[in-house]
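Worksheet: one structure, shown below.
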Protein chains: 4
Amino acid sequence: MSENNPRSQPPGRRKIVRSVRKLLETNDFNSITTAEIARTAGVTEGLIYKYFDNKRDLLYHVLETHFNRFITQCEAAIADADTALLKLRAIMHAYLDSYNRHRVFARILLLEVRNAASFFESSAYAEVRRHSRIILGIIKTGIENGEIRDDVAPEAIRDAMFGTIEHSTLASLIFNRPLDADAICERTCRILFDGIRR
Amino acid sequence: MSENNPRSQPPGRRKIVRSVRKLLETNDFNSITTAEIARTAGVTEGLIYKYFDNKRDLLYHVLETHFNRFITQCEAAIADADTALLKLRAIMHAYLDSYNRHRVFARILLLEVRNAASFFESSAYAEVRRHSRIILGIIKTGIENGEIRDDVAPEAIRDAMFGTIEHSTLASLIFNRPLDADAICERTCRILFDGIRR
Amino acid sequence: MSENNPRSQPPGRRKIVRSVRKLLETNDFNSITTAEIARTAGVTEGLIYKYFDNKRDLLYHVLETHFNRFITQCEAAIADADTALLKLRAIMHAYLDSYNRHRVFARILLLEVRNAASFFESSAYAEVRRHSRIILGIIKTGIENGEIRDDVAPEAIRDAMFGTIEHSTLASLIFNRPLDADAICERTCRILFDGIRR
Amino acid sequence: MSENNPRSQPPGRRKIVRSVRKLLETNDFNSITTAEIARTAGVTEGLIYKYFDNKRDLLYHVLETHFNRFITQCEAAIADADTALLKLRAIMHAYLDSYNRHRVFARILLLEVRNAASFFESSAYAEVRRHSRIILGIIKTGIENGEIRDDVAPEAIRDAMFGTIEHSTLASLIFNRPLDADAICERTCRILFDGIRR
DNA sequence: CATGAATGAGTATTCATTCAT
DNA sequence: TATGAATGAATACTCATTCAT
């Protein structure tokens, strides 16, 4: 509780986190310097290391918080969906929409952070996995109640879902093109749900 | 011709390229230094800049050569396939197999290089696009001859193909797990061709 | 009195001193941080500065206490010795034995602390000098009563004593080798008392 | 040869070494920054690391060169001495004289450098040991030809020699007092050669 | 065709210390 | 008597890149 309640955090820490979030809007993480973070936050560089192990640790913290919020929103978005397929559609839409609205985080999550082995040991990645397992559960339920075919592994379905979404997002991210979440969600569902074979 | 014929290349240049290829087997590109490249090649650092604009340029050259070879192999692999779907299956298998056999290049292509804007202006990326267009052509032919449904954009199908393949590869790449190209190809085709709906 | 009676010291202070003593067993002083001292002591860093001017001051305090105890033991060790030479032998043995049993303090005293000018203004060094003067007194007595030759300055004799002892200790300290106090004392006395000339 | 011939060294390297030597005259090594070294040398900081592994490595190099020269002078100084004892006296005088004339190096050698384990793995220390072994040889010869008593280990004699010299030097080094090499040599020889017992 | 000497810009991290409460 | 939040100064080392010869 004290961990999550921002009120209980020392002001300096809050300033640092806010500063990073702000700077990430215009720069990728590697090009942000600790000096810049401190300056923007109005604290000294040293304070960063009082609250975070290192620069990456700080990033992962920001990421975790962000993704945490997303999961909550995502859960809300699928609340109304009755069937497994509708839930999956809602989830895919939530991801696409989030990637589109938070391009900075999308960039970081889909491109920057994956290079570093440390990410996969971070609590931010733990959140990613947590949600991944939730989705796997939905797929399994779909298989059990006969909505989804049972001759492909649930993991394969999840890979196809995320892979397609991410790949569709990547181009627009890289070349800074707009992303039509609705359209991409629709076309992905068509392929994923019913296949491309006529 | 003189560009492609390795025989016509000066020995120093050849040594440098070989050196990079070797070093990439054990290190990711960013952690390789020009000093190391030169040392391994048995030449001086200065020579690198005789033949390449900069370090990245050197990487992109190595990448281009590699991808070039892959395309040739890929083309051969689909020669026997009669239908569009069989061709797509063959292509997917070729990619998966290549990612598995050349994990270093897979890493670089799927993770490292995408961060840098310069990659998307390199001739290595031009090769990637070239092949992408070839595949798009196959999809279109499939649509035209009635093999593939015509209510989804060919680009969407391509995104689903590559996205799924890459996502399936990524985990095994990151966590250094073996990759079963046959199995992943099979399950991807099932989903992609016929959908997950029962 | 209140200075020396540990009972009268505030618990926080005692914890800090104990913490330093403990940490010195495994680390040299410079590599110990105030953060570590506070953590080990279970107090906050700020408290250190309530009781000590700075980190070095803290070290010198610990050193002084240690050396103080040693002097007492040393005095006891020479109580039985009748002649000046026997007293000197007993003192040398006490030093060697102490260096051997308290290697950490030996390191600090013979190596670490001598770099800092501030040490020579500390009360810890005052203790060292005090004992040095006591020993000088013994030498002088020896000269006066005809035991010791009178054509070399007492200071020269003291330098030879300590110099030899320290040099003999240093190697074993640096390379972490065992120290045979008895043997080194014996051989030092032979040389010091009777010379090397046959 | 190319190692030792200063003519064959690149000018930048020579400048760096000269710069360090100069700066050491007024500052102790730790308080000298690489920035300062480079500025004084008129080169960039980076160049330091082309020629030396790190700052300490640079120091050790300077030390080694210095000590090397000293050994040569020392050898010349003992050339005329006929007996082992006379040789030892000449050596002690050479050390004392050198410590007095090169107080900076004396400080470094006797105080600063001994803290660092790395010193004892450096080639500078190898030189120290080399000379130490030479001296040991002289002592052994003295024992063999009956000049020196044979009931104390040669190592003990060496320890007494160096220990006394160093201890005598230390005080004058620390408190910046003049050092009378002749007088200290004389008194040390008296004690060492004939003992303090009347 | 190749060398080798030199550049110069870049930056995260550590730690003792202070001070209001 | 003790906390806890914050400071601020200090610095070695890396590396891609250039260019005269």
Side-chain angles (χ1 to χ4, degrees), chain A residues 9-16 30-38 41-58, chain B residues 9-16 30-38 41-58, chain C residues 9-16 30-38 41-58, chain D residues 9-16 30-38 41-58:
Chain A
Q9 307 274 16
R13 190 186 203 276
R14 294 225 295 277
K15 284 188 214 158
I16 290 166
N30 279 324
S31 66
I32 299 176
T33 66
T34 51
E36 215 172 348
I37 293 171
V43 302
T44 54
E45 273 185 88
L47 198 62
I48 296 175
Y49 294 87
K50 270 276 182 290
Y51 297 117
F52 303 95
D53 291 343
N54 50 50
K55 207 182 134 192
R56 293 210 80 83
D57 182 43
L58 170 52
Chain B
Q9 308 275 16
R13 189 186 206 277
R14 293 228 296 278
K15 283 188 213 157
I16 290 165
N30 279 324
S31 67
I32 299 175
T33 67
T34 50
E36 214 173 350
I37 294 171
V43 301
T44 55
E45 275 184 88
L47 197 62
I48 295 173
Y49 294 86
K50 269 276 178 291
Y51 297 117
F52 303 95
D53 291 344
N54 50 47
K55 202 185 141 193
R56 293 211 81 85
D57 182 43
L58 169 52
Chain C
Q9 309 273 14
R13 189 184 205 276
R14 294 226 297 277
K15 282 188 213 156
I16 290 166
N30 279 324
S31 67
I32 299 175
T33 66
T34 50
E36 214 173 350
I37 293 171
V43 301
T44 54
E45 276 184 87
L47 197 61
I48 295 174
Y49 294 86
K50 269 275 176 293
Y51 297 118
F52 303 95
D53 290 345
N54 50 47
K55 202 185 142 193
R56 294 209 80 85
D57 182 42
L58 169 53
Chain D
Q9 307 275 17
R13 190 186 202 276
R14 294 226 295 277
K15 283 187 214 159
I16 290 166
N30 280 324
S31 67
I32 300 175
T33 66
T34 51
E36 214 172 349
I37 294 171
V43 301
T44 55
E45 271 185 88
L47 198 62
I48 295 174
Y49 294 88
K50 270 277 180 291
Y51 297 117
F52 303 95
D53 290 343
N54 50 47
K55 206 183 134 192
R56 293 210 79 84
D57 182 43
L58 171 51

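Scope of the values below: all heavy atoms of this structure, side chains included, with no hydrogens, waters or symmetry mates. Chain letters run A, B, ... following the sequence lines, proteins first and then strands; every chain starts at 1. On a predicted model such as this, the values are computed, not experimentally measured, just so you know.
How far CZ of D/R13 is from CG of D/L58: 9.0 Å, rounded to the nearest 0.5 Å. Annotation: the span from B/T33 atom OG1 to B/K55 atom NZ amounts to 7.0 Å, rounded to 0.5 Å.
Rounded to whole angstrom, the span from the CG atom of D/N54 across to the P atom of F/dT14 amounts to 8 Å. Residue B/I48 contributes atom CD1, which lies 10 Å from atom C1' of F/dT17 at whole-angstrom precision. The interatomic distance linking B/D57 (CG) with F/dT17 (P) rounds to 10 Å, in whole Å. When the P atom of F/dC15 is taken as reference, atom CZ of B/F52 falls 21 Å away, rounded to whole Å. The CZ atom of B/R14 sits 10 Å away from the P atom of E/dA2 (whole-angstrom rounding). Between C/L58 atom CG and E/dC15 atom P there is a gap of 16 Å when expressed in whole angstrom units. Between the CD atom of B/E36 and the P atom of F/dC15 there is a distance of 9 Å, given to the nearest Å.
With the 3.5 Å cutoff on both pairing distances, Watson-Crick and G-U pairs in DNA chain F assemble into runs of at least 3 at E:2-21 with F:2-21.
The heavy-atom pair separating D/I37 from D/I16 by the smallest distance is CG2-CG2, 4.2 Å. Between B/R56 and B/N30 the shortest heavy-atom distance is NH1-OD1, 4.1 Å. Here the closest heavy-atom approach between residue D/N54 and residue D/Y49 is recorded as CA-CE2, 3.8 Å. For the residue pair D/D53 and D/D57, the shortest heavy atom distance occurs at N-OD2, 2.9 Å. Nearest heavy-atom pair across C/G12 and C/Y51 is C-CE1, 4.4 Å.
Checking the phosphate oxygens (OP1, OP2) of F/dT17, a side-chain nitrogen or oxygen of B/Y49 falls inside 4.0 Å.
B/T34 is linked by a side-chain hydrogen bond (donor to acceptor under 3.5 Å, both in side chains) to B/E45, counting only residues two or more places apart in sequence or in another chain.
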Treat primed atoms plus P, OP1 and OP2 as sugar-phosphate and everything else as base, then score nucleotides 3-10 of chain E 5' to 3': B for base contact with protein heavy atoms under 4.0 Å, S for sugar-phosphate contact only, - for none. BBSBBB--
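Taking for each of D/K55 and B/R56 the nucleotide of DNA chain F with the nearest heavy atom, the 5'-most of the two is the partner of D/K55.
Residue contacts shown for B/I37 are absent, as no nucleic acid heavy atom lies under 4.0 Å away.
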